[in-house]
Colleague: 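Here you go, one structure.
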Amino acid sequence: MSEPGRKAEVHAARLAAERHTTDERLVGLRRAFEEASDASEDSNADDEHDPEGATIAYERSQIAALIDQAQAHLAAIDAAEERLEAGTYGLCSVCGEPIPEGRLEARPTATTCVLHASASAS
């Protein structure tokens with residue numbers, strides 16, 4: 001198999017692993033959200049004014065934000081898989097230069113090279 005073909009297989013496997021991990025995380029987060037919701041229904045405590053800590057509503061809000069992040073990550077994985085299929089995976093969306101393998105290993109959904117990633121962060 002050619003080097004590009006081998007790289008594509010490695011990238012596809014990495015994205016598949018990323019999807020699996022994110023799917024599992026999402027299942028756990030949804031379960032935690034359900035449990036927090038059930039806890040608020042089963043409790044008659046004045047959760048909103050409890051000085052002992054975070055409210056159930058706050059906990060649900062935090063979990064909901066984590067669910068949103070996981071869903072956004074799944075969308076980024078979908079987009080990365082589309083780029084892989086189109087042959088543009090691993091190319092910076094700004095300059096078109098190859099994204100270093102180390103960056104793709106750390107962030108399989110990366111769309112920019114390190115230079116342009118740091119430029120957009122500032």
Side-chain angles (χ1 to χ4, degrees):
M1 179 179 289
S2 68
E3 181 65 23
R6 234 175 309 197
K7 275 188 175 183
E9 281 185 7
V10 168
H11 295 305
R14 191 176 295 138
L15 289 168
E18 191 83 7
R19 177 179 300 284
H20 179 73
T21 300
T22 305
D23 282 338
E24 285 185 343
R25 182 169 181 241
L26 201 47
V27 167
L29 288 167
R30 287 182 174 142
R31 186 177 316 115
F33 186 85
E34 213 171 281
E35 289 169 1
S37 294
D38 290 347
S40 69
E41 289 174 10
D42 295 339
S43 174
N44 65 356
D46 183 10
D47 186 57
E48 295 298 319
H49 300 94
D50 182 1
E52 296 300 317
T55 65
I56 293 173
Y58 179 75
E59 183 179 343
R60 277 193 319 235
S61 176
Q62 284 184 313
I63 296 168
L66 292 172
I67 288 172
D68 289 346
Q69 287 175 348
Q71 289 172 328
H73 190 61
L74 285 175
I77 293 168
D78 288 342
E81 289 173 336
E82 288 172 12
R83 290 191 305 278
L84 188 60
E85 186 86 17
T88 58
Y89 180 82
L91 298 177
C92 178
S93 62
V94 177
C95 67
E97 293 295 315
I99 298 171
E101 278 300 313
R103 177 162 170 73
L104 291 173
E105 187 175 328
R107 294 186 57 110
T109 59
T111 60
T112 58
C113 63
V114 175
L115 176 68
H116 289 107
S118 61
S120 66
S122 55

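Along the sequence shown, residues are numbered consecutively beginning with 1. Any value given below was found using the heavy atoms of this structure, including those in side chains, with hydrogens, waters and symmetry copies removed. All values reported here derive from a predicted model rather than from experimental measurement.
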Colleague: Which donor-acceptor pairs under 3.5 Å do the side chains of residues 70-81 make with protein atoms, sequence neighbours left out?
Modeller:
unit_1	atom_1	unit_2	atom_2	d
His73	NE2	Glu18	OE2	2.8
Asp78	OD1	Arg19	NH1	3.3
Asp78	OD1	Arg19	NH2	2.4
Glu81	OE1	Arg19	NH2	2.7

Colleague: To the closest 0.5 Å, what do you measure between NE2 (His20) and CD (Glu24)?
Modeller: 3.5 Å
Colleague: Quick check for you: to the nearest 0.5 Å, what is the distance between Ile63 atom CD1 and Asp68 atom CG?
Modeller: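 Those atoms lie 12.0 Å apart.
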Colleague: Drop me the distance from Arg25's CZ to Ile67's CD1, to the nearest 0.5 angstrom.
Modeller: 9.5 Å
Colleague: For Arg30 and Glu34, run side chain to side chain contact (heavy atoms under 4.5 Å, CB included): C-alpha distance rounded to whole Å, both residues' side-chain angles, the deciding distance at 0.1 Å, then the answer.
Modeller: CA-CA 6 Å; Arg30 287 182 174 142; Glu34 213 171 281; over 6 Å; no
Colleague: Checking Ser37 side chain against Phe33 main chain: does a donor-acceptor pair fall under 3.5 Å?
Modeller: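 Side chain of Ser37 to backbone of Phe33, a donor-acceptor pair under 3.5 Å: yes, one is there.
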Colleague: Measuring from Lys7:NZ to Leu84:CG, what's the distance to the nearest 0.5 Å?
Modeller: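 The distance works out to 12.5 Å.
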Colleague: If I take atom CD from residue Glu85 and atom CD from residue Glu82, how far apart are they, to the nearest 0.5 angstrom?
Modeller: 9.0 Å
Colleague: Distance from Gln69 atom CD to Thr22 atom OG1, nearest 0.5 Å?
Modeller: 11.5 Å
Colleague: Output a table of donor-acceptor pairs, distance under 3.5 Å, between side-chain atoms of residues 91-111 and any protein atom two or more places apart or on a different chain; print 'none' if there are none.
Modeller:
unit_1	atom_1	unit_2	atom_2	d
Ser93	OG	Thr111	O	3.2
Glu101	OE2	His11	NE2	3.3
Arg103	NE	Thr112	O	2.7

